[in-house]
Amino acid sequence: MLKLFGAVMVLCACGYAGFSMARNYQQRPKELRCLQSALQMLETEISYGATPLPDALEQVARRSESSVAGLFALTREQLLNGEGITAREAWDEALKQFYRSSAIKAGDAAVLKALGAGLGISDREDQVKHLRLAREQLKIETAKAEEEAVRNVKLYNYLGFLGGLTIVLILI
Amino acid sequence: MNAVNVVFNNKEKAGAVQGFPKPLDMVINVLPTHLRKKIRQLQPDVLARLEELRLRQNRPLVVGLSDGDVFLQREGGLTKSPERAYIVDADDIQRTTQLVSNSSVYALEEELKNGYITIPGGHRVGITGKVVAEHGRVKTIKYISGFNIRISRQVLGAADEVLKDLISPQGEVYHTMLISPPRCGKTTLLRDIVRQLSNGIPGLNFPGTTVAVVDERSEIAGCHRGIPQQDVGVRTDVLDACPKAEGMMMLLRSMSPRVIATDEIGRMEDVEALEEVLNAGVKVLTTVHGSSLEELKRRPAIQKLLKLQVIERLVFLDRSRGAGTIKMVMDGITYRPLGVKRC
């Protein structure tokens with residue numbers, strides 16, 4: 001009886017680990033696509049509306065998917081707290097928190113970090129260039145992420161479960 | 001829980017700004033935090049005399065007081081010696097740029113073309129750096145390296161002394177020109193005249209009247225996003241950052257004002273637009289740079305305006321008793337002083 005209970009536990013744990021790995025692979029391209037469209041929105045706000053950055057970030061946060069909205073909302077919050085920090089510092093801080101809770105990889109975060117370094121400090125044309133560059137890079141990362149997802153989602157879904165089964169068999 | 005928080009916050013705020021003049025708060029919010037602290041620690045009488053703060057990269061931070069300028073000392077306080085002065089570094093300039101622009105330099109194309117930004121509170125921040133020109137016209141400023149933060153103080157009642165000379169016995173406003181060199185309080189006086197004409201002057205039995213202001217340099221009303229930050233009166237319409245000549249025509253057509261006020265007439269086109277206004281039966285309030293009638297007459301545009309013989313009052317200002325000293329009020333038709341010359 002105890003053996004059976006242990007076996008089920010191992011199976012569940014390994015299965016869950018596999019699923020969550022798989023979900024990460026599924027989630028990453030989704031988030032990257034959301035980030036791309038959020039940056040597209042930011043570009044529109046900046047280039048056509050010349051909207052001040054805090055307002056533009058608010059707009060973007062409100063209209064983006066909840067998975068990425070936090071990055072923009074938090075940057076805005078940091079900017080408006082009156083501590084005299086720069087847009088770059090606000091963005092970096094928000095990115096740090098966003099990175100912890102999201103499925104993006106270090107490479108994706110590096111693209112965003114580079115974008116933050118130029119945020120708000122130059123004229124419109126230059127801002128648009130920065131945003132386009134970041135979007136292009138995210139597009140490449142998205143394509144890669146999708147490929148990985150196709151390859152890995154099924155793999156990890158099965159691997160977790162089968163791995164658990166193997167352990168159970170060995171232990172029994 | 002919320003209520004407690006609010007009380008606590010209020011207390012904290014009250015503590016932070018204790019004895020610190022409120023308009024200054026908005027000014028120093030464009031500075032990096034460590035500089036805000038240094039300015040906050042200055043003596044109240046120094047703060048009362050504060051006129052401008054000048055930041056130039058790699059040079060001392062200059063504090064302009066009404067009676068001359070001094071440097072901010074490295075360890076706080078003020079000093080006359082450049083060696084002990086606080087040196088503005090690249091980070092200060094970068095932070096100030098971001099704070100002045102609300103982290104949105106791209107939204108300030110027009111402002112950068114003009115070389116200054118008006119911040120909340122109506123204060124002006126002048127900007128220098130490397131200018132990018134296109135076809136001989138300024139496009140923007142790159143590599144911003146210097147700021148002049150000018151504290152604008154509204155002096156309610158600045159016009160009390162002259163108003164009686166600017167309104168006829170029939171209760172009509174005279175066409176008026178305020179004349180002085182820069183930094184003598186022309187704009188402050190103009191603003192207060194506008195405010196009082198707009199609100200009405202009980203002492204002179206003058207009911208309020210509709211005043212329209214063309215504020216090309218955002219100095220009179222100190223608009224931030226189109227909203228006047230200075231008290232310009234209840235019946236005042238402001239066209240912010242609008243070229244004077246065009247603005248006067250726009251207001252004439254659209255707002256049916258009784259008085260049109262504008263700052264710093266100098267170009268021929270301004271004078272031509274003024275003529276139009278004068279002929280439309282609208283009263284004109286304006287300012288011009290200069291220190292004497294002879295000087296004004298040497299400038300072709302102003303000479304043309306004076307030749308029309310329509311400006312009824314000329315008010316001369318200087319700094320003999322501090323900014324805003326009214327030196328003389330002159331009848332613009334006969335060129336005879338009205339008030340006794342006060343020196």
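Order of the sequence lines fixes the chain letters, A, B, ..., with proteins taken first and strands second; residue numbering starts at 1 for each chain.
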Which heavy atom in A:Arg124 sits nearest to a heavy atom in B:Tyr106, and how many Å separate them? N-CB, 3.6 Å
Please say whether more than 12 non-hydrogen atoms of neighbouring residues, nucleotides or ligands are located less than 6.0 Å from CD in A:Gln97. yes
Does atom CD of A:Glu65 have more than 12 heavy-atom neighbours from other groups under 6.0 Å away? no
Among A:Thr86, A:Leu57, A:Leu53, A:Ile85, the one residue meeting side-chain contact (heavy atoms from CB on, under 4.5 Å) with B:Ser103: A:Leu53
For atom CZ of A:Arg23, decide whether the heavy atoms of other residues, nucleotides or ligands shown that lie under 6.0 angstrom number more than 12. no
Crowded around B:Met249 CE? As in, over 12 foreign heavy atoms under 6.0 Å? yes
Region of A:Asp55 that comes under 4.5 Å of a non-hydrogen atom in chain B: side chain
How about A:Phe161: does its CZ atom have over 12 heavy atoms from other parts shown lying under 6.0 Å from it? no
Straight-line distance of B:Arg95 CZ to A:Arg88 CZ, nearest 0.5 Å: 10.5 Å
When the 4.5 angstrom heavy-atom criterion is applied to B:Lys139 and chain A, the contacting part is side chain
With a sphere of 6.0 Å drawn around CD of A:Glu148, does it hold more than 12 non-hydrogen atoms of other residues, nucleotides or ligands? yes
Between A:Thr51 and chain B, which part of the residue has a heavy atom less than 4.5 Å away: side chain, backbone, both or neither? backbone
Contact part of B:Asn29 toward chain A, heavy-atom cut-off under 4.5 Å: side chain, backbone, both or neither? neither
Can you name the closest pair of heavy atoms from A:Pro52 and B:Arg225 and give their distance? CG-NH2, 3.5 Å
How far apart are the closest heavy atoms of B:Ala107 and A:Ala50, and which atoms are they? CB-O, 3.3 Å
Which pair of heavy atoms, one from B:Gln98 and one from A:Ile121, lies closest together, and at what distance? NE2-CG2, 2.6 Å
Hey, what do you get for CG (A:Leu80) to CG (B:Asn102), rounding to the nearest 0.5 Å? 7.0 Å
Would you say CD of A:Gln40 has more than 12 non-hydrogen atoms from neighbouring residues, nucleotides or ligands within 6.0 angstrom? yes
